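Worksheet: the structure to be examined is printed underneath.
Residue numbers start from 1 in every chain, and the chains themselves are labelled A, B, ... in the order their sequence lines are given, proteins ahead of strands. Nothing here was measured: the structure is a model prediction, and the numbers come from that model.
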2 protein chains.
Amino acid sequence: MKKHILLYGLLGGVLIAVLNLIEYRFLVIEHSAEIYGALIGLLFALLGIWLGLKLTRRTDTIIVREVEVPVPASLPFARNDETLRSLGITPRELEILEQIAAGLSNREIGEKLFVSENTVKTHSSRLFDKLGAKRRTQAVQLAKELRLIP
Amino acid sequence: MKKHILLYGLLGGVLIAVLNLIEYRFLVIEHSAEIYGALIGLLFALLGIWLGLKLTRRTDTIIVREVEVPVPASLPFARNDETLRSLGITPRELEILEQIAAGLSNREIGEKLFVSENTVKTHSSRLFDKLGAKRRTQAVQLAKELRLIP
DNA sequence: TGTGAAATCACTCTAAAGGATGACGCGAAA
DNA sequence: TTTCGCGTCATCCTTTAGAGTGATTTCACA
């Protein structure tokens with residue numbers, strides 16, 4: 001990470017030096033000064049932008065970490081249909097619940113299930129009501145406790 | 001992110017213009033040109049370094065490869081401290097994460113931890129950044145996958 | 001002694017979520 | 001055939017989340 005900054009500083013320094021040299025020549029042969037100034041600005045701006053792009057782009061370090069996951073000795077998850085029915089949660093609502101738990105926004109859920117965002121809102125509102133939740137995070141938490149979702 | 005680049009371009013443009021104006025004066029009164037060049041370089045270099053610092057934050061994409069390891073499962077939950085450290089998640093941020101997972105709102109978390117809602121927001125913002133999450137539900141989901149929370 | 005990480009808080013905006021209500025089509029059951 | 005549950009969609013409105021920025025304090029470490 002810090003290498004980038006150091007690298008930039010170095011390049012900047014070198015550029016300054018080089019440009020200073022060039023400047024001498026330009027001045028000696030009495031060249032157009034404004035063009036020169038613009039060029040300097042452009043060069044440094046380009047350098048900065050290039051750097052910015054370098055850092056912004058998906059040049060991210062990809063860390064592959066192997067996590068030891070205990071093989072599902074605990075059952076692969078059995079949905080609690082009793083509770084599901086007793087709460088009167090419909091299949092569609094359950095579907096929305098699962099998507100919410102997956103961390104999707106209402107819009108994303110709508111796109112995924114081919115319905116409007118409004119519909120998703122309606123479903124989730126009714127869902128929260130049935131679950132007694134005030135927020136989607138709470139709904140997820142409750143649903144997990146009730147074993148409605150894994 | 002892209003805002004930074006745009007901002008940089010804009011500032012660069014403005015600087016070029018300003019510098020060109022200054023250049024005129026400098027040339028008119030026949031001033032030392034190398035000082036001027038160094039100044040330009042310095043300004044742009046500073047801009048670039050500032051940009052670099054802004055962008056140098058962790059953007060690592062963490063890929064978790066799950067390896068099935070037969071373990072007598074149902075262990076009381078062991079926090080993945082490796083990941084925790086590699087992501088640079090602070091103890092306080094983890095605390096907020098747990099509360100978010102519990103389904104609390106920012107306000108409720110603030111009251112529970114005796115800090116302002118604004119503070120909770122700051123923590124959660126940084127947390128989402130480190131986790132690469134866009135929403136709190138997604139943060140919870142990712143954190144569970146990464147075994148940062150039960 | 002100053003440098004940096006961490007925690008705290010504020011303020012402004014935009015985006016997303018959520019509540020309330022009404023409406024419509026469709027298929028199953030009364 | 002009418003009723004009712006379900007899924008669909010909308011509109012208005014309020015609340016909550018989240019992004020971005022800047023500032024202060026504390027504490028450890030060099």
Using a cut-off of 4.0 Å on non-hydrogen atoms, how would the nucleic acid contact of [X] be classed: base, sugar-phosphate, or nothing?
X: B:Ser124; value: nothing
X: B:Asn106; value: sugar-phosphate
X: A:Thr119; value: base

Report yes if a side-chain nitrogen or oxygen of [X] is closer than 4.0 Å to either non-bridging phosphate oxygen (OP1 or OP2) of [N]; otherwise report no.
X: B:Arg107; N: D:dT16; answer: yes
X: B:Ser125; N: D:dA19; answer: yes
X: B:Arg136; N: D:dG18; answer: yes
X: B:Arg92; N: C:dA6; answer: no
X: B:Ser116; N: C:dA10; answer: yes
X: A:Thr90; N: D:dG7; answer: yes

Quick one: [X] [atom1] to [N] [atom2], roughly how many Å, whole number?
X: B:Ile109; N: D:dG18; atom1: CD1; atom2: C1'; result: 13 Å
X: B:Asn118; N: D:dT24; atom1: CG; atom2: C1'; result: 14 Å
X: A:Ile100; N: C:dA17; atom1: CD1; atom2: P; result: 9 Å
X: A:Glu111; N: D:dC9; atom1: CD; atom2: P; result: 13 Å
X: A:Glu93; N: D:dC6; atom1: CD; atom2: P; result: 8 Å
X: A:Ile96; N: D:dC9; atom1: CD1; atom2: P; result: 11 Å
X: A:Glu95; N: D:dG7; atom1: CD; atom2: C1'; result: 11 Å

Does A:Thr122 or A:Ser105 map to a spot on DNA chain C nearer the 5' end, using the closest nucleotide for each?
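Per heavy-atom nearest nucleotide, the more 5' residue is A:Ser105.
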
Position toward the 5' end of DNA chain D (nearest nucleotide), A:Arg126 or A:Lys121
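The residue mapped nearer the 5' terminus is A:Arg126.
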
If hydrophobic clusters are built by linking Ile, Leu, Val, Met, Phe, Trp and Tyr wherever their side-chain heavy atoms come under 4.5 Å apart, do B:Val120 and B:Leu148 end up in the same one?
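Shared cluster, yes.
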
Do B:Val115 and B:Leu127 belong to the same hydrophobic cluster, where Ile, Leu, Val, Met, Phe, Trp and Tyr are linked whenever their side-chain heavy atoms lie under 4.5 Å apart, directly or via other members?
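B:Val115 and B:Leu127: one cluster.
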
Choose from C:dG18, C:dA7, D:dG7 the nucleotide whose nearest atom is closest to any side-chain atom of A:Pro91.
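Between C:dG18, C:dA7, D:dG7, the one nearest the side chain of A:Pro91 would be D:dG7.
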
Which is it for A:Arg135 and B:Glu108 under the side-chain contact (heavy atoms from CB on, under 4.5 Å) test, yes or no, and what are the steps along the way?
CA-CA 12 Å; A:Arg135 283 166 290 284; B:Glu108 287 167 344; 2.7 Å; yes

Could you point out which residue of B:Arg79, B:Lys144, B:Arg92 forms a salt bridge (charged side-chain N to carboxylate O under 4.0 Å, His left out) with B:Glu98?
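Single pass found, and it is B:Arg79.
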
Do you know which two heavy atoms are closest between A:Arg136 and A:Leu104, and how far apart they sit?
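Reported closest heavy-atom pair: NH1-O, 3.0 Å.
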
